[in-house]
Amino acid sequence: MKKALVIVGTRPEAIKLIPVFKELKRSKHWLTLLISTGQHHEMLKSIFDFFEVQPDIDLAVMTKNQSLAGLTGLLLSACTTVIENHSPDLIIVQGDTTTAMVGALAGFYKRVPIAHIEAGLRSYDKTAPFPEEVNRRVISAMADFHFAPTKTAAEALKYERVQGKIKVVGNTVIDSLIFATKKVSKQLKKFDRKYTNVVDQYERMILITGHRRESFGDGFKNICKAIQVLASTYPKISFVYPVHLNPNVKDVVFNMLDGLPNVYLINPVAYDDMVYLMTKSYLILTDSGGVQEEAPSLGKPVLIMREKTERPEGVEAGCSLLVGASQKRIVKAVKNLVDNTRKYKSMARAVNPYGRGDSAARIVSCLRNEI
Ligand code: UDP
């Protein structure tokens, strides 16, 4: 048996890695350990509970007001100790977080092969998203297996002449979304009751999420101004916004939007609630990577509140549109989709370019042949 360490630290990583972890657990070829670094401690717990998995090791490295440098230092020594104690044959990391970058670095220093899930995403701007763009480029320099979600991502890796095997497998986020929609559909009544005031009492609902560092300051102010305008233009539409807990986001959003009659500022929601709300929404305004990938599978147009995206496939397929953190562009794009049903339908009908729900199986089968 070969030993694999699956390292997760944040909510999106857990959502995207648990299908791979479960698939490895099912295979007799692997002894698999789930390592949680605890970068997003509370949010991780809720994801583990939802997917009914528990980490084998919890490094619990996050402390209050942790700096990036502090987190990096703690993670490197904690991950190195885990590798020394368990001598794995493979380390699996996902995406572009500090956990993923440092987990890979610890493996690289110990000469353990590294598999990188969701490899090859690029904005080619080291400041946006910060620090994720550099994290993922650094991981590409160290990884031995690059599991790209799309052809575009694989081409970026080939262009950069990264070493190791590159394979296009789709995005595991769709594996999880399928699992989650099935689970949510069995509890629809519970969710209908919970969200009746924001869903049933309005003609439509627009869902909003936003947390990117690049939008702190003026960016979030512009986003909020756009929501103010839209909320007063469309009183029969509810605007539901699970607000990220970071004070740079929360303070501005509450200052500018709290109290508007059809705007609902709620705490970040559990993954199953999020899947329910996405399903019930008319369209989604977001800067989130995962949401950009999930929404097309649910037939929901996405307006991306960023200037650039490392997920251009959705824009090219017609599922999403870049609107920046610009009041004017957000208002115009929402109006266009609310007032023009033809435009709306063409976006809602586009085919999801990010995956079919079989990515974890494809990854594990590829690794089986290689290790
Ligand atoms: N999500 C969630 N609750 C929320 C907001 C997002 O469960 O309140 C989910 C969302 O469906 C997606 C993932 O979290 O699967 C995306 O996480 P996030 O936006 O934090 O990170 P990104 O994808 O931008 O890295």
Side-chain angles (χ1 to χ4, degrees), residues 8-19 39-51 93-101 117-118 121 123 128-133 135-136 139 149 171-181 183-184 191 194-195 198 206-216 223 239-246 248-250 253 264-281 284-298 300 302-306 308-311 314 320 325 352 354-355 357 359:
V8 305
T10 65
R11 175 179 61 195
E13 270 171 293
I15 291 170
K16 291 173 173 180
L17 270 179
I18 287 172
Q39 195 180 329
H40 283 172
H41 200 260
E42 277 312 304
M43 288 202 255
L44 274 179
K45 191 181 169 320
S46 127
I47 297 291
F48 293 147
D49 291 344
F50 176 75
F51 285 100
V93 296
Q94 194 282 338
D96 51 23
T97 65
T98 304
T99 287
M101 191 271 282
I117 317 291
E118 198 184 75
L121 272 62
S123 66
F130 174 88
E132 290 87 354
E133 173 70 9
N135 285 344
R136 56 195 172 212
I139 299 170
N171 199 310
T172 53
V173 77
I174 308 299
D175 300 30
S176 283
L177 183 66
I178 291 170
F179 175 86
T181 40
K183 216 169 156 177
V184 167
F191 287 109
K194 184 167 177 186
Y195 291 106
V198 299
I206 290 180
L207 183 62
I208 304 156
T209 80
H211 68 283
R212 295 255 159 242
R213 270 168 216 255
E214 308 89 83
S215 300
F216 289 176
I223 290 169
F239 294 80
V240 179
Y241 189 165
V243 185
H244 204 271
L245 298 178
N246 187 314
N248 291 301
V249 180
K250 204 176 166 187
V253 171
Y264 295 86
L265 305 179
I266 57 178
N267 279 328
V269 292
Y271 181 52
D272 43 351
D273 290 62
M274 183 65 186
V275 170
Y276 172 83
L277 288 171
M278 285 195 286
T279 310
K280 288 288 173 181
S281 68
I284 305 174
L285 274 169
T286 191
D287 62 13
S288 155
V291 176
Q292 283 174 60
E293 294 154 348
E294 290 163 337
S297 283
L298 304 170
K300 305 299 171 182
V302 178
L303 298 177
I304 309 166
M305 299 188 292
R306 291 176 56 186
K308 285 185 196 142
T309 177
E310 55 285 289
R311 293 169 174 85
S320 48
N352 192 336
Y354 295 111
S359 302

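Computed from heavy atoms alone, side chains included, the values below leave out hydrogens, waters and symmetry copies. Atoms within each ligand, like the ligands themselves, are counted from 1 in listed order.
Between Val269 and ligand 1, at least one N/O pair is under 3.5 Å apart. Between Arg212 and ligand 1, at least one pair of N/O atoms sits closer than 3.5 Å. Of the polar atoms of Thr209, none of the N or O atoms is found under 3.5 Å from an N or O of ligand 1, judged by distance alone. In terms of polar-atom proximity, Gly289 is counted as a contact of ligand 1, with an N or O under 3.5 Å from an N or O of the ligand. Below 3.5 Å of separation, one finds no N or O of Lys16 facing any N or O of ligand 1.
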Donor-acceptor pairs under 3.5 Å, side chain of residues 269-277 to any protein atom, not counting sequence neighbours: which ones?
residue	atom	partner	partner atom	Å
Asp273	OD2	Lys194	NZ	2.6
Asp273	OD2	Tyr195	OH	2.6
Tyr276	OH	Asp192	OD1	2.6

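The shortest heavy-atom contact between Asn267 and Pro242 is O-CB, 3.7 Å. Taking all atoms of both residues into account, the shortest heavy-atom contact from Leu17 to Val8 is CD1-CG1, 3.4 Å.
Of all protein heavy atoms, the one closest to atom 19 (O) of ligand 1 is Ser288 OG, 2.7 Å. Nearest protein neighbour of atom 14 (O) of ligand 1, counting heavy atoms only, is Arg11 NE, 3.2 Å. When hydrogens are left out, the protein atom nearest atom 21 (O) of ligand 1 is Pro12 CG, 3.4 Å; that is the closest non-hydrogen contact.
Only the side chain of Ile15 comes within 4.0 Å of ligand 1, counting heavy atoms alone; its backbone N, CA, C and O stay farther away.
Close approach to Gly290 involves these atoms of ligand 1, each under 4.0 Å from a residue heavy atom: 22 (P), 23 (O). Short contacts between ligand 1 and Tyr271, defined as distances under 4.0 Å to a heavy atom of the residue, involve ligand atoms 7 (O), 11 (O), 15 (O).
With contacts defined as side-chain heavy-atom distances shorter than 4.5 Å, the pair Arg11/Ser46 does not qualify. For the pair Val173/Glu118, no side-chain contact is recorded, criterion being any heavy-atom separation below 4.5 Å from C-beta on.
Checked for salt-bridge contact, Glu132 and Arg213 miss the test: no charged N lies under 4.0 Å from a carboxylate O. The existence of a salt bridge linking Glu293 and Lys16 is confirmed by a sub-4.0 Å separation between a basic side-chain nitrogen and an acidic carboxylate oxygen.
With hydrogens and angles left out, the side-chain atoms of Gln39 and Thr99 include a donor and acceptor closer than 3.5 Å.
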side-chain contact (heavy atoms from CB on, under 4.5 Å) between Tyr241 and Ile266, intermediate numbers included:
CA-CA 6 Å; Tyr241 189 165; Ile266 57 178; over 6 Å; no
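Every heavy atom of His244 sits 4.0 Å or more from the atoms of ligand 1.
For the residues His211, Glu132, Glu294, the heavy atom positioned nearest atom 15 (O) of ligand 1 is part of Glu294.
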